[in-house]
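Every chain is numbered from 1, with letters handed out A, B, ... down the list of sequences.
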Amino acid sequence: MPVYNRDVARILDQVADLLEIEGADSFRVRAYRNAAQSISTMSREVATMVDEGEDLTEIRGIGESIAEKIEEIVKTGDLGQLAQIEERTPAELTELLDLPGLGPKRVQTLHEELGIETLDDLRDAAERNRIRTVSGLGDRTEARIARELEQRHDEERRTRIDVAEEIVTPLLDYLCGIEGVEQVAVAGSYRRRQETVGDLDLLATGADGEQIIRHFTEYEDVREVISQGKTRSTVRLRLDMQVDLRVVADESYGAALLYFTGSKAHGIALRNMALDEGLKINEYGVFRDDERIAGATEEQIYDLFDLPYIVPELRENRGELEAAAEGKLPELVTVDDIRGDLQIHTTASDGKNTLEEMAAAAQERGYAYLAVTDHSPHVSVTQGLDAEALARRIDEIQELNESFNDFRLLTGIEVDILKDGSLDLPDDILKRLDIVVAAVHSAFNLDREEQTERILRALDNPTVHILVHPTGRRIGERNPRKRPPAEMDMERVMEAAKERGCFLEINASPSRLDLSDAYAKMAGEIGLKLAISTDAHSTTELDFIRYGVDQARRGWFGPDGIVNTRSWSDLKALLKR
DNA sequence: GCCGTTTTCGGCCCGACTGTTTTCAGTCG
């Protein structure tokens, strides 16, 4: 039974939660959380490291004690220490922590005084008005708990970045229109361009915070005001999206933006650097004693520590501060670097627009080329192209290409990888194409070994250039087609792709973003180049490219590592296997 | 429990808001 990083992180987090409920030393709790955080954002599997006898204490936040525990988890799938803690403190209690307004102290109090262990116990106690009898809790807290239990969703409350964008854009317009507002920005994971966001963190500057906050709570989309103070407010909008607004003076804009952009780990690392130099960073600025020495811009603050500006996408404490200190920050790829899209669909299969329309839309976006990659026959949800239809398509595209200047349609296909790793079109037709992208559309649930072998066999076929949406995952809480990533040994797949001279894709569709940022980073470390393509099924979806670029940036990719930043002639050379 | 060109011991990020209490603990980000 293989143990993955997410399993290790989950167990360490569970230990942290339970220890915290027990009232353990807060720094000890934090040590477990830091370790879990480190593990969950690593691109390599700790299980592999254990197998190869590597020293886990090299990982930031992991010392001897936790390293031993990780080894135990990797080898047995479990942790004896956790079982011991659970004898004293029921594991179900950690579910209560998910309820807004309940932290470790209150959960412990509710457990001790009312014997509450589960969400059902809590609901029952709220209905009987027993919560208000606990010292430190009153009828308002009881009402809030009842309300939160009512609204509770079983699913994780994270929203896809594109959905968040639809909500945030009109809200920003509204805030900019408020009198006395000087600057407005979105911070948080949204600004770091994470694939999903939990809530939205907004920042505004202006002299009269109270008035700005009041206007904010009067925004037409506000369903509930959760808190409202002089400089800060939290509201809930449609789709349950929670939005925090913080107002500071203009001179603190940079410090506040840095603070609220996070990540938390990046911020803590930076504040520790400040402490070493006898400085203090908070959301108002950088202070030496009581004197503010920086704070208006983020650049100013990084500069104070002799660091170059670090873009939000890199602020995850995954080595960016060290790289910055050594002058080794990567120059990241931008949307402007992208010269063409390498996966799109037309009305020939399940796309909404014709070949001509897609070509025109690509040219409008300044592209030099567009790969036409309709589906092959096996994908049953759509009508794919068989060898004969594909041959006709090649002629059609070549004819259309005569009419273009400085633009070219690439003949291509999204060929289906069958369960045994073979392709559903013969090699002789695939060989005639400019580009072949291969994908899994069925049997996502093979076991890890079988799935890996299947993919490797497909990559063995010399006609294949790019493995697209490599894990097959679909993301988003409200996505009815949500699907977990297929189990596979990604390190092996990437090594194999590199060896064979083919590439993996970052699928830029916001419901996929596949490869993820962490896998992209792994590809970079292996030295494998990637393609960023949209999988557009309509002309407007060509704009998805920016979401893919965001993830590539989060994976530390510069333009060199992305194949479709090249001219067609250079790309053509790269595609030769 | 982690970590160290100040330290192997003694630190460990920091402030706003709420609710309950009456001077502040708990939660959150």
Side-chain angles (χ1 to χ4, degrees), chain A residues 12 15-16 19-21 23-38 56-70 81 96-110 131-145 148 187-192 197-203 209-210 213 217 225-235 242-248 252 255-287 317 325:
Chain A
L12 294 175
V15 171
L19 285 177
E20 197 170 24
I21 290 170
D25 175 54
S26 65
F27 299 109
R28 188 171 160 228
V29 172
R30 189 188 299 170
Y32 281 97
R33 287 205 205 290
N34 287 342
Q37 164 77 13
S38 275
L56 297 179
T57 63
E58 295 287 307
I59 303 167
R60 186 206 322 267
I62 294 179
E64 268 181 48
S65 165
I66 293 187
E68 273 177 28
K69 285 164 190 170
I70 292 173
Q81 180 200 15
L96 305 185
L97 292 175
D98 292 338
L99 218 64
L102 283 193
K105 295 288 191 302
R106 286 177 179 170
V107 168
Q108 173 70 311
T109 310
L110 289 167
I131 291 174
R132 64 181 64 179
T133 65
V134 177
S135 67
L137 303 179
D139 52 348
R140 295 162 96 165
T141 303
E142 183 177 87
R144 175 163 190 213
I145 289 172
E148 294 290 353
S189 52
Y190 183 90
R191 183 165 181 246
R192 299 200 312 278
V197 300
D199 58 9
L200 291 168
D201 296 296
L202 267 47
L203 174 69
E210 208 164 353
I213 292 291
T217 61
V225 177
I226 296 171
S227 79
Q228 179 175 2
K230 289 192 173 90
T231 67
R232 173 175 205 153
S233 171
T234 301
V235 301
Q242 191 168 307
V243 186
D244 294 340
L245 174 69
R246 186 67 190 270
V247 183
V248 297
S252 296
L257 191 56
L258 186 65
Y259 196 96
F260 293 111
T261 296
S263 66
K264 196 173 177 180
H266 179 89
I268 289 175
L270 206 57
R271 286 193 286 281
N272 279 328
M273 288 177 65
L275 280 177
D276 288 344
E277 301 191 21
L279 303 174
K280 186 178 81 171
I281 306 182
N282 58 27
E283 57 262 60
Y284 302 110
V286 183
F287 297 85
N317 201 24

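Base-pair partner of B:dG10: B:dC3 (Watson-Crick or G-U wobble, both distances under 3.5 Å).
Rounded to whole Å, the separation between the P atoms of B:dG15 and B:dG4 comes to 25 Å. Taking atom P on both B:dT22 and B:dC17, the two are 23 Å apart, rounded to the nearest angstrom. A gap of 13 Å separates the C1' atoms of B:dT7 and B:dC12, to the nearest Å. Atom name C1', nucleotides B:dT27 and B:dT20: the rounded distance is 14 Å, in whole Å. Across the P atoms, B:dT5 and B:dG1 are found 23 Å apart, a figure rounded to whole Å. Taking the C1' atoms as reference points, B:dT8 lies 9 Å from B:dC3, given to the whole Å. Rounded to the nearest Å, the gap between the C1' atom of B:dG11 and that of B:dT6 is 12 Å. One C1' atom belongs to B:dG29, the other to B:dC13, and the distance between them is 12 Å to the nearest Å.
A:Leu270 and A:Ile281 make their closest contact through O-CD1, 3.9 Å (heavy atoms, listed as atom of the first residue, atom of the second, distance).
Atoms CG (A:Leu137) and C1' (B:dT21) sit 13 Å apart, rounded to a whole Å. The OH-P distance, from A:Tyr32 to B:dC2, rounds to 7 Å in whole Å. The separation between A:Leu99 atom CG and B:dC28 atom C1' is 14 Å, rounded to whole Å. Note: CG (A:Asp139) to P (B:dT18) measures 17 Å, nearest angstrom. Rounded to whole Å, atom C1' of B:dC2 lies 15 Å from atom CG of A:Leu19. Rounded to whole angstrom, the span from the CZ atom of A:Arg33 across to the P atom of B:dC28 amounts to 11 Å. The distance from atom CZ of A:Arg144 to atom P of B:dT20 is 11 Å, rounded to the nearest whole Å. Rounding to whole angstrom units, NZ of residue A:Lys105 and P of B:dT20 are separated by 18 Å.
Counting non-hydrogen atoms under 4.0 angstrom, A:Gln242 reaches the backbone sugars and phosphates but no base.
In this structure, A:Thr141 reaches the B:dT20 phosphate: one of its side-chain N or O atoms is under 4.0 Å from OP1 or OP2. A sub-4.0 Å separation between OP1 or OP2 of B:dG26 and a side-chain N or O of A:Arg106 is absent.
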Contact list (N/O, under 3.5 angstrom) for nucleotides 12-16 of chain B vs protein:
from   : atom 1 : to       : atom 2 : distance (Å)
B:dC13 : OP1    : A:Arg30  : NH1    : 2.2
B:dC13 : OP1    : A:Arg30  : NH2    : 2.9
B:dC13 : OP2    : A:Arg30  : NH1    : 3.1
B:dC13 : O2     : A:Arg271 : NE     : 3.0
B:dC13 : O2     : A:Arg271 : NH2    : 2.8
B:dC14 : O2     : A:Tyr259 : OH     : 3.0
B:dG15 : OP1    : A:Lys280 : NZ     : 3.2
B:dG15 : OP1    : A:Asn282 : ND2    : 3.4
B:dA16 : OP1    : A:Tyr284 : OH     : 2.8
B:dA16 : O3'    : A:Thr231 : OG1    : 3.3

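In the set B:dC28, B:dT27, B:dG1, B:dC28 carries the atom at the smallest distance from any side-chain atom of A:Pro100. Comparing B:dT18, B:dT20, B:dG29 by their nearest atom to the side chain of A:Asp201 picks out B:dG29.
Not a single side chain to side chain donor-acceptor pair (under 3.5 Å) links A:Arg28 to another residue, sequence neighbours left out.
A:Arg106 places a side-chain N or O within 3.5 Å of a backbone atom of A:Gly101 that can act as its donor or acceptor partner. Panel note: side chain A:Ser189, backbone A:Arg192; no donor-acceptor pair is recorded below 3.5 Å. For the pair A:Thr234 (side chain) and A:Ile226 (backbone), a donor-acceptor distance under 3.5 Å is absent. Judged purely by atom type and a 3.5 angstrom limit, A:Glu142 uses its side chain to pair as donor or acceptor with the backbone of A:Arg132. A:Ser233 contributes a side-chain N or O that, together with a main-chain N or O of A:Ser227, makes up a donor-acceptor pair within less than 3.5 Å.
Comparing A:Pro104 and A:Ala31 by the nucleotide of DNA chain B whose heavy atom lies nearest to each, the residue mapping closer to the 5' end is A:Ala31.
More than 12 heavy atoms of other shown residues, nucleotides or ligands fall within 6.0 angstrom of atom CD in A:Glu277.
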